[in-house]
Amino acid sequence: MKTLIKGGRIIDPKSGRNGVFDIIIDKGKIVEIGNDLEFTIGDVIDVTGKYVIPGLVDAHCHLREPGFEYKEDIETGTQSAAVGGFTSIACMPNTNPVADSESVIKYIINKAKQDGSINVYPIGAISKGQAGEELSEIGELKFAGAVAISDDGKPVKKASLMKKALQYASMFDITVISHCEDLDLAEEGVMNEGYQSTVMGLKGIPSASEEVMVARDLILAEYTNTPIHIAHVSTELSVDLIRNAKKRGVKVTAETCPHYFTLTEEACKDFNTFAKVNPPLRTDKDVSAIIEGLRDGTIDIIATDHAPHHIDEKNVEFGIAANGIVGFETALPLTITYLLKTNVLTLEQIVEKMCVNPSRILGLNKGSLEVGKTADITIIDIDEEVVVDVSKFKSKSKNSPFDGYKLNGAVYYTIVNGKFLVREKVLL
Amino acid sequence: MILKSKDLLGLKDMSAEEIEHILETAKTMKLILTTKNKKTPHLQGKSIITLFYENSTRTRLSFELASKYMSASAANVSASSSSVSKGETLIDTAKTIDMMGTDVIILRHPMSGAPHLIAKNVEASVINAGDGMNEHPTQALLDMFTVYEKRGSLKGLKVAIIGDILHSRVARSNIWGMVKLGAEVSVAGPSTLMPIGIEKTGVKVYSTIQEALIDADVVMGLRIQLERQKKALFPTPREYSKFFGLDEKRLKFAKKDALVMHPGPVNRGLELSTYVVDGNQSCINEQVTNGVAVRMAVLYLLTTRRNSSENIN
């Protein structure tokens, strides 16, 4: 049965479309885009006044399966993502066992086919067991279906191993995503090193611990002439280093997450463990620099770093609380509220950073609305006010510092492979 | 006057009036403490538990004696002998204690914010007896009481705090409290032990002990935790004492009658020379006595508040 999506305003930077068009979906594919389209039998959805964009693509999330299903699993994670407007997500390998082998990658892919409602693309580990000692079988990971490799959650401590990873991965044309953190500098820090860590008497993580590693990896990428993607950029100097590297022609891309352009270390006040995340929330000047980096294109991707944790891992002393924020269900409204409504980015640019660029960098055939392509579509109202209510999250975990925030932007429809997962804001 | 909060978690969020009220109350308590029969009925029928996750002699003992002098039922729970060693969470341990009819839980914990966490989860009043590097409010109150008693007020007094400011909860609580009461606080110590942005709390930061000491009315040495030295935060104890140790010669930079204080235990010859510790300007032993008086005051005021809020309800 065909579906006609009528009257919405399409924003599709890849084709350059920006205007009111109708879309017809048939057998999971987009079969027609045009004006005043009609047919006699099928489903007609009137989305006048709403924006029709390519389904969101998240380049960085944690689905916790296998191993940590008490935090999240593929079923709940993909439901949470669908509600947030995501149709494709790439999940990090810090599971148990670590996704460093064909069998774990295949397990995730098969589990996603069985339980998942959206496209799930596993990311493999750079090193065996993410231990930072030996390369994992990167070629095999790629052919098993991994879309990138990363030791996310941990840095690759040894520069020599990172250099080899870049060289080896480039042979297979698979993206290396670096979690930049010098653990030696971070010591036992639990939040940004700054005035707030001084006031609360908490051990600080200096911004330098990220920047030193960003610098190292940029140098290694330049030296080996290979691509590198820098995960969750959080500091001013990291943005500057990446901007400078791009000018030098280094094949670097970078991502940040909504919490790094909306919150500062102040969010940790009163020992609020929901604001405990790694890299930590920084300062006003860092937030400004992240926003400038998004504006001028230094930062290519807005990713969620969706990091679910059980309440028992957050309702403890700040020092031992788990790092992470759930992000699927707040990413789009935060981006709309803090970047679109403030005229930092246009909706086209947001679609680039949340659909086009992540697809390109991960090598996915996603992120655009064109005839013949799989119908992965998200339909949003950019003005509607929403109040974040973590108790309503589809994610198993509720660890968000944004509970109670009034934001703009509601996801009305999420369509994957032509199938409606969210209809009139309700998960089907 | 009734304290605003059911808990004493720190001096950061306490008003100058509340702090002064505690110091005034401590004066009365000290009178009781120095009489021959140290038993009052103030806390009769109240149950007070100390829950300590770190070692302590003077803080724990002074809370216990303060409770007993005022006729409370007092008991100790220490981390090693409790369910904590069986993996119980802090909140569960605190709730268990709470459910036994406890009026006040006094917590010492190696993690900043631990008392704040349990305060939200128990009915009992929570007193912070030192949390990580965050605060140690009763220590600062006894330090301020010592000055208050001798000088009548802290207003306009110059206070120099010397040593490891970064790791010191005593320094933080003293800074919050003393700045609120109008003292001019300066800090000095190795730059690797000076937390970022400390000047925003209203203190002056010096990199030599001499500058901080000039015209000081009060000089406070902080304990150097020798285990920190393994992390190479300063080269050697010898070098520390060479540049930041308080000896008789350096003490001359301060006012002639400057009070010398230290929260204890002292590393003699490191933070303070033996002659300074035992000298006639030293208030270190008196601080210990005042610690009991201040803790009596705090226990009294928090339990009074509980009584009055029960009446309101």
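Computed from a prediction, not measured in an experiment: that's the story for all the values here.
Heavy atoms closer than 4.5 Å to chain A are found nowhere in Thr89(B), neither backbone nor side chain. Contact annotation for Val199(A): both backbone and side-chain heavy atoms come within less than 4.5 Å of a heavy atom of chain B. Within the 4.5 angstrom heavy-atom criterion, atoms from both the backbone and the side chain of Ile198(B) approach chain A. If you measure heavy-atom distances from Phe271(A) to chain B, the contacts under 4.5 Å come from the side chain alone. Using a 4.5 Å cut-off between heavy atoms, Lys200(B) contacts chain A through both its backbone and its side chain.
Between Arg282(A) and Glu236(A), none of the side-chain N atoms (NZ, or NE/NH1/NH2) sits under 4.0 Å from a carboxylate O, so this pair counts as no salt bridge. Of the charged side-chain nitrogens involved, none lies within less than 4.0 Å of a carboxylate oxygen, so that Glu181(A) and Lys154(A) do not count as a salt-bridged pair.
The salt bridge (Lys or Arg N to Asp or Glu O under 4.0 Å) pairs that include a residue from residues 387-402 of chain A are Asp73(A)-Lys396(A), Asp389(A)-Lys392(A), where partners are two or more places apart or lie in different chains.
In this view, Glu54(B) and Arg169(B) satisfy the salt bridge (charged side-chain N to carboxylate O under 4.0 Å, His left out) rule, not counting sequence neighbours.
Ranked by non-hydrogen atom pairs under 4.5 Å with chain B, the options Asp270(A), Ile320(A), Asp312(A) are led by Ile320(A).
The aromatic rings of Phe234(B) and Tyr240(B) sit tilted relative to each other, their planes meeting at an angle between 30° and 60°.
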